Protein chains: 2
Amino acid sequence: MPNIELNEKKIQILEVAEKLFSEKGFEGTSIRNIAKEAKINIAMVSYYFGSKERLLESLIIYRTSDLKLKLENLLEEDLEPIDKVNKLIELYITKINCNGGIFRIMHFELTSKKREKTLNHFTELKKGNLKSLESIIKEGQNKGVFRKDVIIPLITPTILGTFFHFHMNKIFFENVLNLNTETLYNDYIKTNLTKHIQQTIKALLVYEN
Amino acid sequence: MPNIELNEKKIQILEVAEKLFSEKGFEGTSIRNIAKEAKINIAMVSYYFGSKERLLESLIIYRTSDLKLKLENLLEEDLEPIDKVNKLIELYITKINCNGGIFRIMHFELTSKKREKTLNHFTELKKGNLKSLESIIKEGQNKGVFRKDVIIPLITPTILGTFFHFHMNKIFFENVLNLNTETLYNDYIKTNLTKHIQQTIKALLVYEN
DNA sequence: TACAAAATTAAACAAGTGTTTAATTTAAAC
DNA sequence: GTTTAAATTAAACACTTGTTTAATTTTGTA
């Protein structure tokens, strides 16, 4: 196995792997599939990454490394709490939407009992994200603009879950909402779905029963 | 291949398959895994269901057949729209939660490009569910208790997505929320998570901006 | 008891899996 | 130009995959 850093070739392999994993799942994608699509020899995956499992690990780190940073920057900005929440939602969606399909893989494959060890990096990421969200919400609660009886850890499932569920039922929603082209579908996410989630979270945070 | 109806043995196989599929994914589970766990010969799966793919199909039909009925019954009940929505949420969660892990499989595996053909039954189910939800919401809108600018098809992603996302990150939330036993975890879903979703949807539906 | 259908089995099938090997080519350094 | 390390390759490795076969056992019926 060569140097641990990512070179051009490794990135090329990662991106092909991401595409195939997101289309056919981790188990459903063979190294030969990846090699063929990336036009490399099947031995190169083991040569560069060590194993298929470690390829997945590299992919996750490759894709998630800058999200943490962006979230932390958001905390420092001079914005009202509700605007921070809206920006956080937007950040999540654009980030996830721009990155091939890795988040779909994470959402899925990383929860299976088989892959508990690969989970570590992902768990740390999630804990960090939750902390960022927590500080925003608490700021809003202290300012008296957010209600205090919301369960903060359950807000992320609502944000991400809504998005993922929409994404996972792509074919269904393309059909129901008449999103015939890829552009229409992506625009719908960028505008309507994002707005729906923001509207939902805002209502949850400020609505007095 | 014998009779198409389900006998005791077929159900036993279905339930083992459900367990393993939900733990390790469809591709990650072999017929030999299923056969061993169900204590049957590996040929029996092909004998009873024809193929692994058709086994999955049978499993989905087996698990979803009564959900449609229960939803339609809910429509007929004499309840306020918001109570119907709350009951619908509760129905979804208990139904999904009681059924091993098939919904997790559906959520995932049925969205991959590989399995488009198996999708049909599932798509019909989703369309029916959406219609039921739509009629409840519109009733509320006509009565003037629900706002009229919500995008109805996006409500299901928020309900189910929140639940699934929580479920998929089980290990993470067990950790964060100190749900050390299986009972604690299930109770949390039954009470707090359900309430969170109901609270969220209610806020979305009645909150005036 | 005898017969036929259904259920069950072990074995084999061909194809695909991730990984390793050892040989060869390419690139870089001296 | 020679030497050394890295990159790339085809072939083989042992193993698992879903499915089928053909033989055997079990079950139900007349």
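The shown structure was predicted, so the numbers you read here are calculated from the model rather than taken from an experiment.
For A/Tyr47 and D/dA7, the shortest distance from a side-chain N or O to OP1 or OP2 is below 4.0 Å. Phosphate contact (OP1/OP2 of D/dA7, side-chain N/O of A/Asn41, threshold under 4.0 Å): absent. Checking the phosphate oxygens (OP1, OP2) of D/dT16, no side-chain nitrogen or oxygen of B/Ser30 falls inside 4.0 Å.
Salt bridge status for B/Glu27 with A/Lys24: absent, with no side-chain N to carboxylate O gap under 4.0 Å. A salt bridge does not link A/Glu90 to A/Lys190: none of the charged nitrogens lies less than 4.0 Å from a carboxylate oxygen. Salt-bridge annotation for B/Glu139 and B/Lys84: present, with a side-chain N of the basic residue lying under 4.0 Å from a carboxylate O of the acidic one.
Of the residues in residues 32-40 of chain B, those with a non-hydrogen atom less than 4.0 angstrom from any atom of DNA chain C are B/Arg32.
In this structure, CD of A/Glu53 is placed 14 Å from C1' of C/dT17, rounded to the nearest angstrom. When the C1' atom of C/dA7 is taken as reference, atom NZ of B/Lys10 falls 13 Å away, rounded to whole Å. One can place OH of A/Tyr48 at 19 Å from C1' of C/dG18, the figure rounded to the nearest angstrom. Atom C1' of nucleotide D/dT17 and atom CZ of B/Phe26 are separated by 12 Å, given to the nearest angstrom. One can place CE of B/Met44 at 16 Å from P of D/dT25, the figure rounded to the nearest angstrom. The nearest whole Å value for the distance from the CG atom in A/Leu56 to the C1' atom in C/dG18 is 15 Å. Here D/dT16 presents its P atom at 14 Å from CD of A/Glu27, a figure rounded to the nearest Å. Between the NZ atom of A/Lys9 and the P atom of D/dA6 there is a distance of 17 Å, given to the nearest Å.
Counting only heavy atoms from C-beta on, B/Ala43 has its side chain closest to D/dT20 among D/dT19, D/dT20, D/dT9.
With rounding to the nearest 0.5 angstrom, the NE2 atom of A/His165 is 16.0 Å from the NZ atom of A/Lys170. The CZ atom of B/Arg54 sits 7.5 Å away from atom OG of B/Ser58, with the distance rounded to the nearest 0.5 Å.
Aromatic ring centres of B/Tyr185 and B/Phe166 lie closer together than 6.0 Å.
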Legend entry - Candidate pair B/Thr158 and A/Thr200, rule side chain to side chain donor-acceptor pair (under 3.5 Å), full reasoning: CA-CA 9 Å; B/Thr158 296; A/Thr200 304; 4.6 Å; no
